[in-house]
Protein chains: 2
Amino acid sequence: MDTFITNRIRKLRFEANEMTQHALAERVGVTRQTIIAIEAARYAPSLELAFRIARAFAKPLEDVFQYRADA
Amino acid sequence: MDTFITNRIRKLRFEANEMTQHALAERVGVTRQTIIAIEAARYAPSLELAFRIARAFAKPLEDVFQYRADA
DNA sequence: ACATTATGTCAACTATACACGACATCACGG
DNA sequence: CCGTGATGTCGTGTATAGTTGACATAATGT
């Protein structure tokens with residue numbers, strides 16, 4: 001169960017000139033705690049937020065978030 | 001403002017041998033009402049469900065769901 | 001005329017994404 | 001030694017995704 005969504009946000013933040021969680025949060029319009037929770041995969045973002053995060057990194061969505069289907 | 005996610009589910013259902021809403025719902029593990037609401041864009045699916053729907057059509061996620069960013 | 005299938009609506013509920021404030025830790029620079 | 005920035009936790013509250021059951025309607029078939 002857990003969550004079936006993984007992500008590469010932390011990696012992409014460091015590749016993107018070491019963008020901080022706070023900076024990313026501001027860019028995509030959520031709070032710092034939300035970015036922390038998503039990075040830690042405590043929960044998956046909404047589809048809309050996933051799109052905004054992917055766009056913040058100028059990457060296709062499936063490059064940032066992966067779905068592992070062992071349902 | 002409404003929702004910023006649009007989708008091509010209805011079109012893809014008919015292209016996929018006229019798959020019914022009920023059949024799609026079963027394939028992705030949600031109820032029929034959920035598919036109706038998403039098709040009608042009354043709300044956006046979760047990221048996880050979006051991945052499952054895209055996979056049901058064997059399409060990349062961004063082929064099924066679009067984000068329009070006039071926030 | 002009746003049954004069935006596909007689509008849609010409504011209301012009440014549960015689960016979860018996200019906000020907000022407070023507080024803790026660690027690294028770094030002055 | 002102290003301040004600040006970056007990361008993380010906890011608790012509580014709100015918004016929204018998704019469920020369930022009931023009911024409506026149009027289209028098709030027998």
Side-chain angles (χ1 to χ4, degrees), chain A residues 1-57 59-71, chain B residues 1-57 59-71:
Chain A
M1 315 284 163
D2 297 295
T3 174
F4 302 89
I5 305 287
T6 60
N7 72 83
R8 304 200 308 125
I9 295 179
R10 184 173 293 263
K11 187 173 202 182
L12 290 167
R13 276 199 302 113
F14 281 93
E15 287 173 14
N17 206 27
E18 310 215 348
M19 177 190 298
T20 67
Q21 291 177 335
H22 183 70
L24 175 58
E26 274 189 343
R27 280 178 65 97
V28 301
V30 295
T31 62
R32 196 173 58 82
Q33 290 94 325
T34 297
I35 298 299
I36 290 172
I38 293 170
E39 264 195 29
R42 263 200 293 281
Y43 54 72
S46 66
L47 180 55
E48 186 171 345
L49 179 52
F51 268 116
R52 288 205 301 266
I53 292 173
R55 212 172 43 171
F57 292 121
K59 296 271 186 187
L61 195 150
E62 283 162 309
D63 235 66
V64 183
F65 299 97
Q66 295 81 37
Y67 177 63
R68 52 185 168 91
D70 45 301
Chain B
M1 311 260 154
D2 300 295
T3 173
F4 302 87
I5 305 286
T6 60
N7 72 81
R8 305 201 309 126
I9 296 179
R10 185 173 291 263
K11 187 174 202 180
L12 291 168
R13 276 199 303 113
F14 281 92
E15 286 173 14
N17 206 27
E18 310 216 349
M19 178 190 299
T20 67
Q21 290 177 336
H22 183 71
L24 175 58
E26 273 188 343
R27 280 179 65 99
V28 301
V30 295
T31 61
R32 195 172 57 83
Q33 289 92 324
T34 297
I35 298 298
I36 290 172
I38 293 170
E39 262 195 33
R42 263 201 292 281
Y43 54 72
S46 65
L47 181 55
E48 186 171 346
L49 179 52
F51 268 117
R52 288 207 299 269
I53 291 173
R55 210 171 47 170
F57 291 121
K59 296 272 186 187
L61 196 148
E62 284 162 309
D63 236 65
V64 183
F65 298 97
Q66 295 81 38
Y67 177 64
R68 53 186 166 90
D70 44 300

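What you are looking at is a predicted structure, and each value in this text was computed from that prediction instead of being measured. Proteins come first, then strands; the chains are lettered A, B, ... in the order of their sequence lines, and each starts at number 1.
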Practice prompt. For the residue pair B:Thr34 and B:Leu49, establish whether any side-chain heavy-atom pair is separated by less than 4.5 Å.
Written response: yes
Worksheet, complete the sentence: Per nearest nucleotide of DNA chain D, the residue lying toward the 5' end, A:Arg10 or B:Gly29, is A:Arg10
Worksheet item: For the pair made of CD in B:Glu48 and C1' in D:dA17, what is the distance, rounded to whole Å?
Response: 12 Å
Worksheet entry | Whole-Å gap separating C1' (D:dT7) and CE (A:Met19) | 16 Å
Discussion item. With a 4.0 Å limit, can you tell me whether B:Ser46 has a side-chain N or O closer than that to the phosphate oxygens OP1/OP2 of C:dT16?
Written reply: no
Practice prompt. Determine the contact category for A:Thr20: base if any of its heavy atoms lies under 4.0 Å from a base atom, sugar-phosphate if only primed atoms, P, OP1 or OP2 are that close, otherwise nothing.
Written response: sugar-phosphate
Worksheet, complete the sentence: A:Phe4 CZ to C:dA15 C1', in whole Å, measures 15 Å
Discussion item. For the CD1 atom of A:Ile38 and the OH atom of A:Tyr43, what is their distance to the nearest 0.5 Å?
Written reply: 5.5 Å
Worksheet item: With sugar-phosphate meaning primed atoms plus P, OP1 and OP2, does B:Thr31 contact a base, only sugar-phosphate, or nothing at under 4.0 Å between heavy atoms?
Response: base
Worksheet entry | C:dC18 phosphate, OP1 or OP2, under 4.0 Å from A:Arg42 side-chain N/O | no
Worksheet entry | Closest non-hydrogen atom pair, A:Ala56 against A:Val28 | CB-CG1, 3.9 Å
Item to complete: Answer yes or no: is there a side-chain heavy-atom contact under 4.5 Å between B:Ile36 and B:Arg42?
Response: yes
Worksheet item: Does the side chain of B:Thr34 get closer than 4.0 angstrom to OP1 or OP2 of D:dT19 through an N or O atom?
Response: yes
Discussion item. Check this one for me: any side-chain N or O of B:Arg32 less than 4.0 Å away from OP1 or OP2 of D:dG21?
Written reply: no
Worksheet item: How many Å lie between CD on B:Gln33 and P on D:dA24, as a whole number?
Response: 16 Å
Item to complete: Send over the distance from B:Glu26 CD to C:dT7 C1', rounded to a whole Å.
Response: 16 Å
Worksheet item: Atom CD1 of B:Ile35 to atom P of D:dA17: distance rounded to whole Å?
Response: 14 Å
Discussion item. Without decimals, in angstroms, what is the distance between B:Leu49 CG and D:dA17 C1'?
Written reply: 9 Å
Fill in: Nearest-Å distance for atom pair OH/C1', residues B:Tyr43 and D:dA15
14 Å
Worksheet entry | Atom CZ of B:Arg8: over 12 foreign heavy atoms under 6.0 Å | yes
